[in-house]
Amino acid sequence: MIETTMDRKILSVQGVNYKYAGSDWQLFSTSFAVSEGEIIGIIGPNGSGKSTLLKLASGVITPDSGNVFLGEKDIAKMKRRQIARILGYFPQDAVGHFDYSVQEVVAMGRFPHRSGAGFLSPHDMDVVGQCLLRAEVEQYRERHFSHLSGGERQRVLLASVLAQEPNVLLLDEPTSALDMQHQVKFFRLLTELVAEGIGVAVVTHDLNLVSFYSHRVLMLKDGKIIEEGRPGEILTQETLKDTYGEGVDIILHPTTGLPIILPGTGLEAQKAKTS
């Protein structure tokens, strides 16, 4: 795990509550912050509130109570263009079927920085080219977005979000369609970005990626943050059992000492029954 180098809060979520119309489910008085130079892994069972929390943090939905701040500005009082210059949001259902080239899709990320007639400047094109390279999709720049695989589309949309040049990234299951190699590359890219001062909050079901690449972990269950801390503090046998139920084993990495989460074999339970 990489140590953070800065502690300036970019995004602050303060006591937000949210309830969907026609549903008993609720996100309860939730607070967290994202600082420069850190990756926060957000984990929890399905239906625990992870995606709702990111939607609230990004201003996509408005809390019933509580506040979200970008720096010292209340996000509810900011225009979407202002927000997009600071915050990049990658929703869970981001992969669509655009009838545009890859380069055009990535160039859409420059929207908050355009002025006048809205044409791309030489600087805009430089940023687009850099983001294509960083997301490893430069070779697809002339291809139609709709002709790409799901994993390739995710990387293109990441490049588009990076083209906003945000200070904070909120990512909801951004590696769900990526193979193992590209999942690791994706998180290594996140470590490069936070080394440059960006703050990241990422929702994922891959607890091992959270263990190896997060500075802090938020664990949600039933609409509440139930645990917060370093991966080694949160990803324990007891905590995972309480949150997810039976079915996981934990070993420590021989070099880093970080937790590695494995599917449970059930052997201990079987031994206990037969002993």
Exercise. Salt bridge check: are Glu196 and Arg134 linked by an N-O gap of less than 4.0 Å?
Worked result: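 So Glu196 pairs with Arg134 through a salt bridge.
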
Exercise. Is a salt bridge present between Arg230 and Glu233, judged by a nitrogen-to-oxygen distance below 4.0 Å?
Worked result: no

Is the side chain of [X] donor-acceptor paired with the backbone N or O of [Y] at a distance under 3.5 Å, no angle test?
X: Asn208; Y: Ile261; result: yes
X: His253; Y: Thr255; result: yes
X: Lys50; Y: Gly44; result: yes

Any side-chain heavy atom of [X] sitting closer than 4.5 Å to one from [Y]?
X: Leu218; Y: Ile43; answer: no
X: Ile251; Y: Leu262; answer: yes
X: Val168; Y: Leu70; answer: yes
X: Lys224; Y: Thr30; answer: no
X: Ile86; Y: Pro166; answer: no

Exercise. What's the verdict on side-chain contact (heavy atoms from CB on, under 4.5 Å) for Val161 and Tyr89, showing C-alpha distance, side-chain angles and the deciding distance?
Worked result: CA-CA 7 Å; Val161 173; Tyr89 172 53; over 6 Å; no

According to a hydrophobic-cluster definition based on side-chain heavy atoms being under 4.5 Å apart (Ile, Leu, Val, Met, Phe, Trp, Tyr only), do [X] and [Y] belong together?
X: Val194; Y: Leu171; result: yes
X: Leu54; Y: Ile10; result: yes
X: Val210; Y: Leu240; result: yes
X: Ile61; Y: Trp25; result: yes
X: Leu53; Y: Ile75; result: yes

For this session: Test Val68 against every option in Asp74, Thr62, Leu87, Leu11 by the side-chain contact (heavy atoms from CB on, under 4.5 Å) rule and name the one that passes.
Result: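 Filter result, single survivor: Leu11.
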
For this session: Can you run down the salt bridge (Lys or Arg N to Asp or Glu O under 4.0 Å) pairs that involve residues 165-179, sequence neighbours left out, and say none if there aren't any?
Result: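 The answer is Arg110-Glu165.
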
Distance alone, cut at 3.5 Å: any donor-acceptor contact between the side chains of [X] and [Y]?
X: Asp64; Y: Asn17; value: no
X: Gln92; Y: Ser176; value: no
X: Asp124; Y: Ser121; value: yes

Problem set entry | Working for side-chain contact (heavy atoms from CB on, under 4.5 Å), residues Leu193 and Leu169 | CA-CA 10 Å; Leu193 294 171; Leu169 286 172; 3.9 Å; yes

Problem set entry | side-chain contact (heavy atoms from CB on, under 4.5 Å) between Val200 and Val34, intermediate numbers included | CA-CA 7 Å; Val200 176; Val34 184; 5.9 Å; no

Exercise. Would the number of heavy atoms belonging to other residues, nucleotides or ligands and lying under 6.0 Å from OH of Tyr100 be above 12?
Worked result: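 Atom OH in Tyr100 is not packed in, count stays at 12 or less.
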
Problem set entry | Parallel, tilted or perpendicular: rings of Tyr213 and Phe187 (30°, 60°) | tilted

Exercise. Looking at Phe119, is Arg114 sitting on its ring face, NZ or CZ under 6.0 Å from the six-membered ring centre and within 45 degrees of the normal?
Worked result: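 No cation-pi geometry.
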
For this session: Could you check His147 against Tyr140 for ring-ring contact (aromatic ring centres under 6.0 Å, His included), going step by step and ending with a plain yes or no?
Result: CA-CA 10 Å; His147 295 172; Tyr140 306 133; over 10 Å; no

